[in-house]
Amino acid sequence: MLKNENSLNNINNSPSEEKEAFDLKRKGESILNPGCCLDTLCSSRNSRYNKSCNLFQKSADKYKSCFQWRKAAECYEKCAEIKLNLKESPIKYYQESITCYQNANSEINAKRVLFKLNDYLEKNGELLEAGKKCEIVAIKFEKEKKYKDAIFYYIEAIKYYEKDIKNDNNIINLKKKLIELIIIINGYPNEEKYLIDYNEEIGINSLKNNLSENSAHYYFGKAILSVIYYKGINEAELYINKYKTIEQKFESSNIYKLCFDIINDFKINNINKLYNDINKYKSENKCDAFMINILKKIENKIKI
């Protein structure tokens, strides 16, 4: 559990320590912005910036020790800005700032600093690292069952990974994760695009590997079921024909037969046959959360 920023019970949260932190911050500000020309002449720019950064860091450490998370975060963020001006790495200070903002329950600021950090990483060609930063935050939100936030950061991670062709495995694994989470919350914006496109991409990727190629038809089937629900049977017929040309084994799979039968059930508006076809599939095949959810939606759709 995160400690409250304003906790009065902790012995470290003493007025004297907060005052020390404040004084250090003020000294850092005064060195960074000297009040007269003499101050500027007596020391080089880099020297002043390094001294200021050192004082802001000490201030941040003090604030952190007495659980003044927001103030600590602001000082660490200032350190990062100074390092950027010195053309040095701001990474560790951005990371500290993000953690402190999270401890202060200020997710808006944590998000803002994360994207500052990732802009720096991207400019330096560290796309994998930028993706990982987003993924770490996504995992945190997923553990807290804040699934919409988790989905947002997983999608951001994918965007960074997709800029580097070496990250195919990371992309596919995250798209599988996103399908699971979108099904859990049941109502994510543009969910049909993710469910259709991601299942198709995972299926196509499965065909590239001898160990996973037998699972391709399963993802193609999931994509078709999503099309049936979100776009209708005319679109679904186009998809089913497309996947038949992509994977030769698809037409002989159980999930192909299910998709084919459901399309025909809709054409003749046969509710009883639809239920029987779906129940037969579920009794003969293991169904994950996605399959259970999408089949239920399709059953409800034919009632309308």
Side-chain angles (χ1 to χ4, degrees), residues 1-10 12-13 60-61 63-77 80 91-122 126-162 167 169-195 197-199 202 288-294 296-297:
M1 183 182 293
L2 297 177
K3 296 178 176 65
N4 190 297
E5 185 179 4
N6 297 314
S7 174
L8 299 176
N9 297 324
N10 196 290
N12 290 329
N13 195 1
D61 293 342
Y63 278 131
K64 187 164 71 169
S65 70
C66 53
F67 306 109
Q68 292 294 318
W69 298 114
R70 184 182 291 272
K71 291 176 181 178
E74 290 168 354
C75 288
Y76 284 128
E77 188 177 355
I91 293 174
K92 74 172 184 177
Y93 293 116
Y94 277 143
Q95 289 175 329
E96 285 280 7
S97 181
I98 291 165
T99 301
C100 289
Y101 275 129
Q102 287 173 336
N103 286 348
N105 295 318
S106 181
E107 292 298 343
I108 291 175
N109 281 309
K111 178 180 178 181
R112 176 180 57 78
V113 176
L114 173 65
F115 283 103
K116 280 187 176 183
L117 168 57
N118 277 359
D119 283 345
Y120 174 82
L121 290 169
E122 185 172 4
E126 298 184 53
L127 295 167
L128 178 61
E129 193 61 30
K132 284 181 178 177
K133 299 298 182 191
C134 289
E135 195 173 345
I136 287 167
V137 177
I139 291 168
K140 168 186 172 291
F141 279 123
E142 185 181 354
K143 287 179 179 176
E144 295 171 358
K145 297 187 177 180
K146 296 177 181 177
Y147 296 123
K148 284 189 177 181
D149 290 319
I151 290 169
F152 171 82
Y153 282 104
Y154 278 129
I155 290 171
E156 289 300 312
I158 287 171
K159 289 177 183 177
Y160 286 111
Y161 291 147
E162 285 180 334
N167 295 320
N169 287 337
N170 288 329
I171 294 167
I172 292 300
N173 288 335
L174 289 193
K175 287 183 175 178
K176 289 179 181 178
K177 172 64 68 178
L178 277 167
I179 289 170
E180 293 174 10
L181 296 183
I182 289 170
I183 283 296
I184 288 172
I185 64 172
N186 193 22
Y188 193 78
N190 298 317
E191 66 180 21
E192 67 274 15
K193 175 176 173 56
Y194 292 115
L195 298 181
D197 293 353
Y198 283 3
N199 274 309
I202 296 166
D288 60 15
F290 177 92
M291 288 296 292
I292 292 168
N293 183 284
I294 199 69
K296 186 65 177 175
K297 285 183 173 183

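When reading the values below, keep in mind they use all heavy atoms of this one structure, side chains included, and skip hydrogens, waters and symmetry mates.
- A salt bridge is absent between K111 and E107: the closest approach of a Lys/Arg side-chain nitrogen to an acidic carboxylate oxygen does not fall below 4.0 angstrom.
- Within the 4.5 Å cutoff, the side chain of Y194 has no heavy atoms near those of the L178 side chain.
- Every side chain to side chain contact (heavy atoms under 4.5 Å, CB included) that K159 has, sequence neighbours left out, goes to I155, E156.
- Rounding to the nearest 0.5 Å gives a distance of 8.0 Å between SG of C66 and NZ of K71.
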Notebook entry, point to check: Are Y147 and I182 close enough, and set up right, to give a side chain to side chain contact (heavy atoms under 4.5 Å, CB included), and what steps lead you there?
Noted result: CA-CA 8 Å; Y147 296 123; I182 289 170; over 6 Å; no
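- Within a 6.0 Å sphere centred on CG of N169, other residues, nucleotides and ligands contribute 12 heavy atoms or fewer.
- Judged as a side chain to side chain contact (heavy atoms under 4.5 Å, CB included), and not counting sequence neighbours, the contacts of E162 are I158, I171, K175.
- Scored by the ring-ring contact (aromatic ring centres under 6.0 Å, His included) test, Y161 finds no partners at all (sequence neighbours excluded).
- A150 and E142 make their closest contact through CB-N, 3.7 Å (heavy atoms, listed as atom of the first residue, atom of the second, distance).
- R70 contributes atom CZ, which lies 10.5 Å from atom OG of S97 (distance to the nearest 0.5 angstrom).
- Within the model, atoms NZ of K177 and CD1 of I172 stand 15.0 Å from one another, a figure rounded to the nearest 0.5 Å.
- Nearest approach of A72 to K64, heavy atoms of both residues: CB-N, 3.8 Å.
- Taken to the nearest 0.5 Å, the CD atom of E126 stands 7.0 Å off from the OH atom of Y120.
- Put simply, the side chain of E77 never gets that close to the backbone of A73: no donor and acceptor are under 3.5 Å apart.
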Item checked: Intermediate values then yes/no, side chain to side chain contact (heavy atoms under 4.5 Å, CB included), L195 and F290 -> CA-CA 10 Å; L195 298 181; F290 177 92; 3.9 Å; yes
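- With values rounded to the nearest 0.5 angstrom, N109 atom CG is found 4.5 Å from Y101 atom OH.
- Under the rule for a salt bridge (Lys or Arg N to Asp or Glu O under 4.0 Å), the partners of D197 that lie at least two apart in sequence or sit in another chain are K193.
- Within the 6.0 Å centre-distance limit, the rings of F141 and Y153 are counted as a close aromatic pair.
- Contact detail for A157 and E135: the closest heavy-atom pair is CB-N, 4.0 Å.
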Check: Would Y76 and D61 count as a side chain to side chain contact (heavy atoms under 4.5 Å, CB included) if you check the C-alpha gap in whole Å, the side-chain angles of each, and the deciding distance to 0.1 Å?
Finding: CA-CA 9 Å; Y76 284 128; D61 293 342; 2.4 Å; yes
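- Using modelled atom types and a 3.5 Å distance limit, the side chains of Y63 and E74 yield no donor-acceptor pair.
- The two residues L114 and C134 have their closest heavy-atom pair at CD2-SG, 4.4 Å.
- Salt bridge annotation for K297-E192: absent, with no cationic side-chain nitrogen under 4.0 angstrom from a carboxylate oxygen.
- Counting only heavy atoms from C-beta outward, the side chains of E180 and D288 never approach each other to under 4.5 Å.
- At least one side-chain heavy atom of I139 sits less than 4.5 Å from a side-chain heavy atom of Y154.
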Next item on the list: Check step by step if side chain to side chain contact (heavy atoms under 4.5 Å, CB included) holds for L121 and I91.
Entry: CA-CA 8 Å; L121 290 169; I91 293 174; 3.7 Å; yes
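- The salt bridge (Lys or Arg N to Asp or Glu O under 4.0 Å) search around K176 returns none, not counting sequence neighbours.
- No donor-acceptor pair closer than 3.5 Å links the side chain of N293 to the backbone N or O of A289.
- For the residue pair E122 and Y160, the shortest heavy atom distance occurs at OE1-CE2, 3.5 Å.
- Put simply, CG on N186 and CG on L181 are 13.0 Å apart, with the number rounded to the nearest 0.5 Å.
- Take K132 and apply the salt bridge (Lys or Arg N to Asp or Glu O under 4.0 Å) test, not counting sequence neighbours, and it matches no residue.
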